[in-house]
Amino acid sequence: MKSRLRQLLPRDQVATRLLRNLKWIISSQVAMAVLGMIALAISARALGAAGLGALALIEAFARINARLVHFEPWQAVIQYGSAALENQETERFERLVGLSIVLDVIGGLAAAVLIWFLAPLLANKIGLEGSDAWLLSFGALAVVLSLRATGVALLRLYDRFDQLAKIDTATAFMRLVLSVIAWLVGGGLIHFVIIFVAFSLAEGLIAFVYGRREMRKRGQHPRFRNLLDTLRQNSGFLRFMFNSNLSVILRQTTQRLDVVILGALVAPVFVGHYHIARKCGDAAIRLGRPIKQAIFPEFSRLSASGDYNKIRKTAIWVSAGFAAILFIGIAPILLYITPILNAAFGEAFIEAAPVVSIQAVAVALFLVGVILGPVLLSLGRDRELMRVGAATATLFFVLIYPLVITFGVKGAAMSHLFSNALWLVSCSWLVIRALDAKTRHNAPGQTEVPS
């Protein structure tokens, strides 16, 4: 991957820094994908299809509620923090970090309260009954204290992608080790839910601790006073945070709520089959996240300097390179999906092959345009990105019920396929239009018009 990108990207400071960061993020994401798939295989063999379906429901319920009320500020902190650091406005940056910490704490507590309120009302309706129902409430502990957003923003702003990569790999390895231990001692669903909670807490808190350490190295400390003044000093911060989060929320809602919807429509064993397809897709998406994560700060810097031609060139080459790699990689997987599932998860999951195949194509469509979101955010098109997210989420929820009723669990994967196709086409059109407008406004004799 790194050698391909080195050939594709222009050889300048941006490309050099991007490739260095990608080296760390790709290696960690590959490791996390491999460790995650092994942990999934262990969980599948320990719990069976029905137990794995119950675990999927508990994880999805916790994460979707967290996304709904915990608006993560990391993208806004990077967008505004980059300008503060560039202009050597240390106090302004410290106040931004303090604001981010407060927002993270409030968001985590709100998410936990929402889960504790909804879980007793919805447990039976989504297929969790009897002794397993209380585990839905227990899952709230996974989100009650999450400062990962602030930690991630700090490590990326300080160009410490290497540190973040090591943290993520270590926590994924921790989850695998705990899963193996639970399997060997004959652990049940409750043990794997405890592992999920421990993994989620570690993932967030460790990143924050190391981010704060990087601040201290530079003689910087979060400032918590006068948060309203901080917002006034950074005009548009809340709007940017809201729109960037809403676009992600709308997308991730379809990726989490699908499991909850299936729990109400099909038996737990089929939810387990779908969970395998989703997790396989998530492993592939992990390989696309490095570019998205590493390139957003670069696009923000280029946009601030008005170098829109470089944004266009980088976006074209990265997207084309990803499309070629996906085409080469996905074909053999689709051809040999049945023996792959049998070897990895056991004979009980062979029936998941059609669902996994459809989900693989849906994920490929998403990955082809994985950097389009960061491009739009860097250009100040957060409103447009939010609208695309709303449109694709609406399409997904309109389609999922009739498709599941007609095609069974395959219908959920088909809903992702159609909504991802709409997302790719819409974002591509918006990026082309936005770059054309910026280039035209920056032409000689033209005046830049605010977004």
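Every ring pair (Phe, Tyr, Trp, His ring centres under 6.0 Å) that F71 has, sequence neighbours left out, goes to F242. Shown here are the side chain to side chain donor-acceptor pair (under 3.5 Å) partners of S43, two or more places apart in sequence or in another chain: there are none.
Counting only N and O atoms by type, the side chains of D104 and H70 include a donor and acceptor under 3.5 Å apart.
The backbone N or O of E203 lies less than 3.5 Å from a partner atom in the side chain of R148, making a donor-acceptor pair. In this structure a side-chain-to-backbone donor-acceptor pair under 3.5 Å is present from S415 to G411. With hydrogens and angles disregarded, a donor-acceptor distance shorter than 3.5 Å links the side chain of N420 to the backbone of A362. In this structure, the side chain of T171 engages the main chain of D168 through a donor-acceptor pair within 3.5 Å. A side-chain donor-acceptor contact under 3.5 Å links W116 to the backbone of S137. A side-chain donor-acceptor contact under 3.5 Å links T392 to the backbone of G389. Remark: side-chain polar atoms of S419 are paired, donor with acceptor, to backbone N or O of H416 under 3.5 angstrom. A donor-acceptor contact shorter than 3.5 Å links the side chain of S378 to the backbone of V375. Using modelled atom types, one side-chain atom of Y80 and one backbone atom of G236 make a donor-acceptor pair closer than 3.5 Å.
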(Q) Please determine whether side chain to side chain contact (heavy atoms under 4.5 Å, CB included) holds for the pair I190 and W134, giving the CA-CA distance in whole Å, both sets of side-chain angles, and the decisive distance to 0.1 Å. (A) CA-CA 10 Å; I190 182 174; W134 74 275; 3.6 Å; yes

Q: Please assess I58 against F192 for the test side chain to side chain contact (heavy atoms under 4.5 Å, CB included), listing each intermediate value before the final yes or no.
A: CA-CA 10 Å; I58 293 165; F192 284 89; over 6 Å; no

Q: Apply side chain to side chain contact (heavy atoms under 4.5 Å, CB included) to M386 and L376, showing your working.
A: CA-CA 10 Å; M386 181 269 292; L376 289 170; over 6 Å; no

Q: Start with the C-alpha gap between L164 and R156, add the side-chain angles, then the distance that decides, and say whether side chain to side chain contact (heavy atoms under 4.5 Å, CB included) holds.
A: CA-CA 8 Å; L164 186 58; R156 289 176 182 168; 3.8 Å; yes

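Put simply, the side chain of L435 does not reach to within 4.5 Å of the side chain of N309, judged on heavy atoms. Side-chain atoms of T169 and K166, non-hydrogen and from C-beta on, never get closer than 4.5 Å to each other. No side-chain heavy atom of R63 sits less than 4.5 Å from a side-chain heavy atom of V143. At a threshold of 4.5 Å between non-hydrogen side-chain atoms, the residues F418 and L403 count as touching. F199 is not listed as a side-chain neighbour of V197, based on a closest heavy-atom distance of 4.5 Å or more. Side-chain atoms of L379 and Y308, non-hydrogen and from C-beta on, do get closer than 4.5 Å to each other. Looking at L135 and L55, their side chains never come closer than 4.5 Å, going by heavy atoms from C-beta outward. For the pair Y274 and Q359, the minimum side-chain heavy-atom distance is below 4.5 Å.
Closest approach of L47 and L189 over heavy atoms only: CD2-N, 3.6 Å. Nearest heavy atom pair, residue L136 against residue I115, reads O-CG2, 3.6 Å. Residues E72 and M241 approach most closely at O-CG, 3.8 Å, considering heavy atoms. The two residues L147 and I101 come nearest to each other via the heavy atoms CD2-O, 4.0 Å. In plain terms, the two heavy atoms of S100 and T150 that are nearest each other are OG-OG1, 2.6 Å. Pairing each heavy atom of V144 with each of L141, the nearest pair is CG1-O, 3.5 Å.
Heavy atoms of other residues, nucleotides or ligands lying less than 6.0 angstrom from CZ of F138 number more than 12. In the displayed structure, Y401 atom OH is contacted under 6.0 Å by at most 12 heavy atoms of other residues, nucleotides or ligands.
A salt bridge links R160 with D162; the closest basic N to acidic carboxylate O contact falls under 4.0 Å.
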